[in-house]
Amino acid sequence: MDKQQQSQKTQLYPARNGDPYLKPPRNGVALCPECGVIYQQGRWAWQDAAPSAAQSVVCPACQRIADDQPAGTLQLSGNFLGEHRDEILNLIHNTEQSEKAQHALERLLRISEQDDGMQATTTGLHLANRIGHALGAAYKGRIEYSYSEDEHHVDIHWHRD
Ligand SMILES: [Zn+2]
């Protein structure tokens, strides 16, 4: 394949491996004005202080929160949920705390109470998966994972009667 064909191919499939929320800032060092996470050496991470050359760039997690564009959606339902709502909320928040400490872009986006259950959305696939596994490990129930075709979004349904 020559160069021209290659660039055409890239244009035809721009979404492949190209999560728009994970574009690195042009300059090598950045600081998110919303949450204080720092971009350096190719990744966003919590650090004590920003290098002086840091540019102000909203991080992918804060951008997703601002746009209300989750990477993961968990739908919880069933009678068990009504009886253990506080416990389950604690489990979700604790999972976020430990995940976010290690992976700065993995955060809860929103938790909404619904008539027939609860919905939790996340800024990262990994956190959604961790919460799904934590629910299954703690409470059993039935759980289904379904990924979007480009694998940039996961829908997780958890149910226990
Ligand atoms: Zn941020």
Side-chain angles (χ1 to χ4, degrees), residues 6-7 9-11 13-76 81 84-114 117-139 143-158:
Q6 216 155 16
S7 81
K9 193 167 185 215
T10 312
Q11 279 167 3
Y13 303 102
R16 186 96 189 149
N17 297 327
D19 186 335
Y21 282 93
L22 287 178
K23 258 187 213 143
R26 245 166 279 136
N27 167 331
V29 187
L31 168 69
C32 176
E34 304 292 328
C35 68
V37 71
I38 291 164
Y39 182 88
Q40 205 173 12
Q41 293 170 334
R43 62 187 290 261
W44 290 93
W46 304 113
Q47 287 173 36
D48 291 337
S52 54
Q55 263 187 320
S56 181
V57 176
V58 175
C59 79
C62 289
Q63 193 60 56
R64 280 191 182 277
I65 292 166
D67 296 348
D68 195 18
Q69 282 294 320
T73 303
L74 291 125
Q75 194 68 46
L76 281 55
L81 178 63
H84 298 82
R85 192 168 288 266
D86 291 346
E87 257 179 77
I88 288 171
L89 278 170
N90 277 341
L91 178 125
I92 292 173
H93 284 292
N94 291 342
T95 307
E96 186 209 20
Q97 287 309 311
S98 71
E99 190 58 35
K100 184 174 148 183
Q102 306 273 333
H103 304 281
L105 302 183
E106 299 282 344
R107 306 181 198 167
L108 277 175
L109 201 155
R110 181 202 294 271
I111 295 183
S112 10
E113 306 268 340
Q114 299 161 330
M118 190 192 292
Q119 190 187 63
T121 53
T122 66
T123 60
L125 296 174
H126 198 62
L127 176 58
N129 272 299
R130 279 282 305 273
I131 294 172
H133 289 296
L135 285 167
Y139 308 116
I143 189 153
E144 281 167 33
Y145 298 80
S146 49
Y147 283 86
S148 64
E149 212 167 303
D150 61 13
E151 299 187 353
H152 292 154
H153 187 269
V154 63
D155 261 310
I156 301 174
H157 285 255
W158 176 81

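All residue numbers in this chain count up from 1 along the given sequence. Model, not experiment: these values are computed from the prediction.
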A.B. asks: Hey, does the side chain of W44 reach the backbone of A30 with a donor-acceptor pair shorter than 3.5 angstrom?
C.D. replies: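 Answer holds: no.
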A.B. asks: So how far is it from E144 CD to D155 CG, rounded to the nearest 0.5 Å?
C.D. replies: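 One finds 10.5 Å between CD of E144 and CG of D155.
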A.B. asks: Minimum heavy-atom separation for M118 and I92, please, with both atom names.
C.D. replies: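 Heavy-atom minimum between the residues: SD-CD1, 4.3 Å.
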A.B. asks: Kindly give the heavy-atom pair with the smallest separation between P51 and I38, and that separation in Å.
C.D. replies: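 For P51 versus I38, the nearest heavy atoms are CD-CG2, 4.2 Å.
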A.B. asks: List for me each residue that meets ring-ring contact (aromatic ring centres under 6.0 Å, His included) alongside H157, sequence neighbours excluded, and say none if there are none.
C.D. replies: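 Scan of H157 (ring-ring contact (aromatic ring centres under 6.0 Å, His included), adjacent residues dropped) gives none.
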A.B. asks: At what distance, to the nearest 0.5 angstrom, does CD of E151 lie from CG of L125?
C.D. replies: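 E151 CD to L125 CG: 9.0 Å, rounded to 0.5 Å.
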A.B. asks: Under the rule for side-chain contact (heavy atoms from CB on, under 4.5 Å), what residues qualify as partners of A128, not counting sequence neighbours?
C.D. replies: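 A128 satisfies side-chain contact (heavy atoms from CB on, under 4.5 Å) with L74, T122, V154, I156 once adjacent residues are dropped.
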A.B. asks: Restricting to side chain to side chain donor-acceptor pair (under 3.5 Å), what partner residues turn up for Q119, sequence neighbours left out?
C.D. replies: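 Side chain to side chain donor-acceptor pair (under 3.5 Å) check on Q119 returns Q75.
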A.B. asks: My understanding is that only residues two or more places apart in sequence, or in another chain, count here; which of them pass ring-ring contact (aromatic ring centres under 6.0 Å, His included) with H103?
C.D. replies: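 Per chain and number, H103 pairs via ring-ring contact (aromatic ring centres under 6.0 Å, His included) with H126.
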A.B. asks: Test of understanding: with side-chain contact (heavy atoms from CB on, under 4.5 Å), list the residues that count as partners of A138, not counting sequence neighbours.
C.D. replies: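 For A138, the residues satisfying side-chain contact (heavy atoms from CB on, under 4.5 Å) (neighbours in sequence not counted) are L91.
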A.B. asks: Test of understanding: with side chain to side chain donor-acceptor pair (under 3.5 Å), list the residues that count as partners of Q102, not counting sequence neighbours.
C.D. replies: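 Checked Q102 against side chain to side chain donor-acceptor pair (under 3.5 Å); zero matches.
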A.B. asks: How many angstroms lie between atom CG of L89 and atom CG of L76, to the nearest 0.5 angstrom?
C.D. replies: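 L89 CG to L76 CG: 9.0 Å, rounded to 0.5 Å.
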A.B. asks: For R85, check salt bridge (Lys or Arg N to Asp or Glu O under 4.0 Å) against everything at least two apart and list the hits.
C.D. replies: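 Result, salt bridge (Lys or Arg N to Asp or Glu O under 4.0 Å) vs R85: E113.
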A.B. asks: For D48, enumerate each residue passing the salt bridge (Lys or Arg N to Asp or Glu O under 4.0 Å) test, keeping only those at least two apart in sequence or located in another chain.
C.D. replies: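 Not a single residue meets the salt bridge (Lys or Arg N to Asp or Glu O under 4.0 Å) criterion with D48.
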A.B. asks: Before you tell me yes or no, could you show the steps for V37 and R107 under side chain to side chain contact (heavy atoms under 4.5 Å, CB included), namely the whole-Å CA-CA distance, both residues' side-chain angles and the distance that decides it to 0.1 Å?
C.D. replies: CA-CA 12 Å; V37 71; R107 306 181 198 167; 4.0 Å; yes
A.B. asks: Kindly write out the residues that satisfy side chain to side chain donor-acceptor pair (under 3.5 Å) with T73, not counting sequence neighbours, or none if the list is empty.
C.D. replies: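 Partners of T73 under the side chain to side chain donor-acceptor pair (under 3.5 Å) test: H153.
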A.B. asks: So which atom in L109 and which in R64 form the shortest heavy-atom distance, rounded to 0.1 Å?
C.D. replies: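 So the two residues come closest at CD1-O, 3.8 Å.
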A.B. asks: Do Y39 and Q55 come within less than 4.5 Å of each other through their side chains, counting heavy atoms only?
C.D. replies: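 No. Closest side-chain heavy atoms not under 4.5 Å.
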A.B. asks: Count the heavy atoms of every other residue, nucleotide or ligand shown that sit under 6.0 Å from CD of Q41, and state whether that count exceeds 12.
C.D. replies: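 Open.
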A.B. asks: Using the test side chain to side chain donor-acceptor pair (under 3.5 Å), find all partners of S98 that sit at least two apart in sequence or belong to another chain.
C.D. replies: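 Here the qualifying residues are R130.
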A.B. asks: Give the minimum heavy-atom separation between P33 and S56, together with the two atoms involved.
C.D. replies: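 Smallest interatomic distance, heavy atoms only, reads CG-OG, 3.5 Å.
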A.B. asks: Side-chain contact test, heavy atoms from C-beta onward, threshold under 4.5 Å: evaluate it for L81 versus Y139 and give yes or no.
C.D. replies: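 The answer is no, as the side chains (C-beta and beyond) never meet within the 4.5 Å cut-off.
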A.B. asks: Are the side chain of E106 and the backbone of E99 linked by a donor-acceptor contact shorter than 3.5 Å?
C.D. replies: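 No; judged by distance alone, with no hydrogens or angles, the pair does not exist.
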A.B. asks: Using modelled atom types only, decide if a donor and an acceptor are shared between the side chain of D150 and the backbone of H152 within a distance under 3.5 Å.
C.D. replies: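 Confirmed, D150 side chain pairs with H152 backbone.
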A.B. asks: State which residues pass ring-ring contact (aromatic ring centres under 6.0 Å, His included) with H93; sequence neighbours excluded, sorted by chain then number.
C.D. replies: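 Once residues adjacent in sequence are excluded, H93 has no partner under the ring-ring contact (aromatic ring centres under 6.0 Å, His included) criterion.
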A.B. asks: Who passes ring-ring contact (aromatic ring centres under 6.0 Å, His included) against Y147, sequence neighbours left out?
C.D. replies: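 Y147 satisfies ring-ring contact (aromatic ring centres under 6.0 Å, His included) with no residue once adjacent residues are dropped.
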A.B. asks: What distance do T123 atom OG1 and Q63 atom CD have between them, rounded to the nearest 0.5 Å?
C.D. replies: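 Separation between the atoms: 12.0 Å.
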